[in-house]
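The chain is numbered in sequence order, starting from 1. Values below: every heavy atom of this structure, side chains too, minus hydrogens, waters and symmetry copies. For ligands, and for the atoms within them, numbers begin at 1 and follow the listed sequence.
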Amino acid sequence: MCGIIGFVGREQAAPILLDGLARMEYRGYDSAGIAVRSDTLGLQVRKTKGRLQALSDMVHGGVDLEGALGIGHTRWATHGEPNDVNAHPHVSENGSIALVHNGIIENYMELKEQLLRHGVTFASDTDSEVVAQLLEYHYKECGSMLEAVGRCLRRIEGSYALGIICSDYPNALIAARKDSPLILGFGENGNFIASDVTAVIRHTRDVAYMNDGEIAVVTADSIDVFDSELSPLEVEHHQVDWDVSAAEKGGYPHFMFKEIMEQPEAVRKTVSPRIRDGRVVLDDVRLTADYVRDISRIFIIACGSSYHVGMVSKYNWERLLRRPVQVDLASEFRYSDPLVDRRTLVIVISQSGETLDTMAAMREAKRRGARTLAVVNVVGSSIAREADDVLYTWAGPEIAVATTKAYSTQLVLMDLIGLYLADLLGTVSAEEYAAIVAGVQALPEQMQQVTDRVEDVQYFASRYFNHDSIFFIGRNLDYAMGLEGSLKLKEISYIHSEAYASGELKHGTISLIEPGTLVVALGTHAALFDKAMSNVVEVKARGAEVLAVTTGRFREKMSKTADAVVVVPEAHPILQPSLGVVPLQLFAYYVALHRGCDIDKPRNLAKSVTVE
Ligand code: M6R
């Protein structure tokens with residue numbers, strides 16, 4: 001979603017701002033803009049609807065804009081259509097204050113009406129402009145920018161990450177955060193604010209994560225942080241440990257393809273520090289055996305692909321733990337008056353750690369007394385910091401909107417957590433424990449075998465890319481995996497697709513199967529292979545074209561009925577989805593490629609969904 005960058009230092013700001021915005025393009029946006037301050041020209045604002053390249057062309061890569069202090073923004077429209085005027089930065093009426101904003105100001109209508117009564121005129125339809133006008137109002141009232149920010153924040157309701165510059169303050173930008181991420185970057189030639197570490201990683205790895213309610217005053221040589229009452233706070237520095245190349249394509253045609261190919265390594269990095277001498281070690285988790293034995297119920301809460309990880313984990317955890325595990329979409333959970341109490345363990349899964357629905361659901365669970373454990377990829381993200389315990393997936397930065405390596409690392413980390421809990425409960429035998437650990441250790445090598453043979457899937461994608469409706473069917477873990485395969489396909493190729501539990505077909509969906517309909521049949525879950533096979537026969541009998549995914553031992557049986565078969569290595573049963581999902585990701589990728597889609601930035605989608 002929207003991206004913010006701000007810089008103040010000893011270099012021209014505009015090229016740095018444009019580069020930072022380019023590195024956040026993956027988040028999704030529909031317009032972009034920058035504001036730079038110079039002694040001679042004051043505040044210069046340039047913004048436009050459309051791609052960042054249009055903005056860059058407008059200012060000749062930034063060389064046109066003089067000044068070493070500036071803010072930039074990529075906007076994903078919420079209030080007001082995507083156009084030049086609604087793009088950020090927004091400028092106050094007298095032109096002295098410019099700001100960029102992520103989030104939603106919930107009481108903006110009320111504030112706007114109050115300002116209108118004071119004769120303020122508005123240029124845009126956005127909630128964000130209200131903050132700029134309100135700031136000018138309070139600045140005129142008190143004469144101090146910091147005080148004006150404090151007064152303004154006390155009046156606004158909702159979520160915000162703000163970057164503010166003022167023509168009266170040549171050396172400082174002000175930042176503030178509530179429920180929308182913002183980091184501070186300490187550079188050699190100046191300092192930064194950004195909504196995403198990727199925007200500043202070329203300049204510095206020394207960062208601090210702002211907390212809700214904090215305000216920062218950033219100059220070229222210092223960053224001071226204050227609480228909402230403007231009392232100074234200590235700043236905690238963090239070193240970003242991934243390399244700048246991790247957020248670059250490195251010769252791959254798309255980030256999505258690069259990230260698919262990185263999966264063996266990402267899974268290795270996620271599991272290897274957590275297995276020692278054949279035992280699962282989760283150093284960061286403080287769950288005692290007594291606590292775990294007292295748990296009456298487990299919820300897994302997430303959105304999108306992270307929810308699909310939860311679906312796989314439900315099957316696996318119930319089998320390992322013999323405890324009820326409920327998977328809920330975060331957006332449903334939060335309003336469902338959930339049956340959660342202090343004996344409930346709530347697992348939240350999120351790549352970004354900023355998904356608003358997931359965050360709100362987690363807060364609701366905590367409010368009801370549950371203990372929360374977050375599985376998160378982005379270090380220092382809001383969910384990671386608010387959960388009682390956090391376990392990071394070490395996937396590195398994921399840039400493509402369609403998640404792949406984050407999904408795979410979440411999946412394997414959930415397997416480890418399940419095994420860890422089962423061990424505390426005594427519900428897993430020593431033999432099975434050892435078999436699963438060995439299976440997890442073998443996964444990176446097995447995933448590599450799949451990614452080494454992309455041509456198979458590439459060929460099938462070229463055969464099937466022009467279908468306009470594709471069904472994924474499977475049972476149990478294959479069903480959960482099919483949900484992810486179907487989402488991957490539809491989000492990047494725009495083909496209508498649905499995933500069904502195979503046994504459910506005859507209760508309605510089978511009426512949609514007609515001669516030529518493509519059905520992706522998943523037959524990797526050995527325990528139910530024969531059942532899955534009978535559903536393949538069922539759809540074949542209605543004329544479907546069947547592309548199947550299975551393991552070596554079922555290839556022959558499957559080939560007798562299916563039109564095409566992709567084979568993946570065989571793993572321990574609970575780990576099989578980690579291998580089966582890879583050809584589904586590749587299938588979505590190649591189908592989208594054949595259809596000429598914008599793979600890394602699919603229409604209407606954002607990488608991290610920070611609005612409801
Ligand atoms: O960052 P999160 O894992 O919380 O994001 C959840 C979903 O928005 C995300 O998985 C989305 O469905 C992806 N586009 C799927 O590829």
Side-chain angles (χ1 to χ4, degrees), residues 1 26-28 76 179-181 195-198 254-257 259-260 263 266 300-313 327-334 346-363 372 374-387 390-393 395-411 413-414 480-494 497 499 581-582 584-589 592 597-612:
M1 297 217 126
Y26 74 94
R27 294 165 67 101
W76 203 78
D179 292 339
S180 186
S195 45
D196 193 322
V197 170
T198 48
H254 296 97
F255 278 112
M256 183 181 176
F257 189 61
E259 288 159 6
I260 291 173
Q263 289 181 110
I300 301 175
I301 302 169
C303 302
S305 295
S306 299
Y307 168 78
H308 296 156
V309 169
M311 288 291 290
V312 172
S313 304
V327 195
D328 266 13
L329 291 163
S331 52
E332 289 295 315
F333 175 91
R334 59 186 292 204
V346 171
I347 312 288
V348 291
I349 308 176
S350 176
Q351 185 287 129
S352 61
E354 301 293 349
T355 302
L356 187 102
D357 282 321
T358 309
M359 167 71 108
M362 183 176 83
R363 286 181 179 163
T372 55
V375 170
V376 174
N377 192 41
V378 176
V379 175
S381 55
S382 305
I383 291 174
R385 285 182 298 146
E386 279 195 31
V390 58
L391 285 168
Y392 286 110
T393 49
E398 189 178 65
I399 306 294
V401 165
T403 179
T404 52
K405 63 176 180 172
Y407 172 92
S408 289
T409 51
Q410 288 168 347
L411 204 54
L413 184 49
M414 286 295 285
M481 187 171 87
L483 290 168
E484 177 60 7
S486 172
L487 175 63
K488 245 7 15 123
L489 182 77
K490 71 187 125 196
E491 68 180 331
I492 60 166
S493 74
Y494 316 143
S497 170
V581 78
V582 181
L584 305 187
Q585 297 165 341
L586 285 165
F587 184 68
Y589 173 78
C597 299
D598 188 353
I599 292 179
D600 286 336
K601 295 191 282 283
R603 69 185 180 208
N604 304 336
L605 290 175
K607 181 66 183 163
S608 109
V609 183
T610 51
V611 292
E612 190 171 355

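Glu354 pairs in a side chain to side chain donor-acceptor pair (under 3.5 Å) with only one of the listed residues (Ser195, Ser180, Ser382), which is Ser382.
Below 30°, between 30° and 60°, or above 60°: for His254 and Tyr589 the angle between ring planes is above 60°, a perpendicular geometry.
The residues lining ligand 1, counting any heavy atom closer than 4.0 Å, are Cys303, Gly304, Ser305, Ser306, Ser350, Gln351, Ser352, Thr355, Val401, Ala402, Thr403, Leu487, Lys488, Glu491.
Residues passing the salt bridge (Lys or Arg N to Asp or Glu O under 4.0 Å) test with Arg603: none are found, sequence neighbours excluded. Judged as a side chain to side chain contact (heavy atoms under 4.5 Å, CB included), and not counting sequence neighbours, the contacts of Ala499 are Phe472, Leu483, Ser486. A search for salt bridge (Lys or Arg N to Asp or Glu O under 4.0 Å) contacts involving Asp328 returns nothing, not counting sequence neighbours.
Salt-bridge annotation for Lys405 and Glu398: absent, with no side-chain N of the basic residue lying under 4.0 Å from a carboxylate O of the acidic one.
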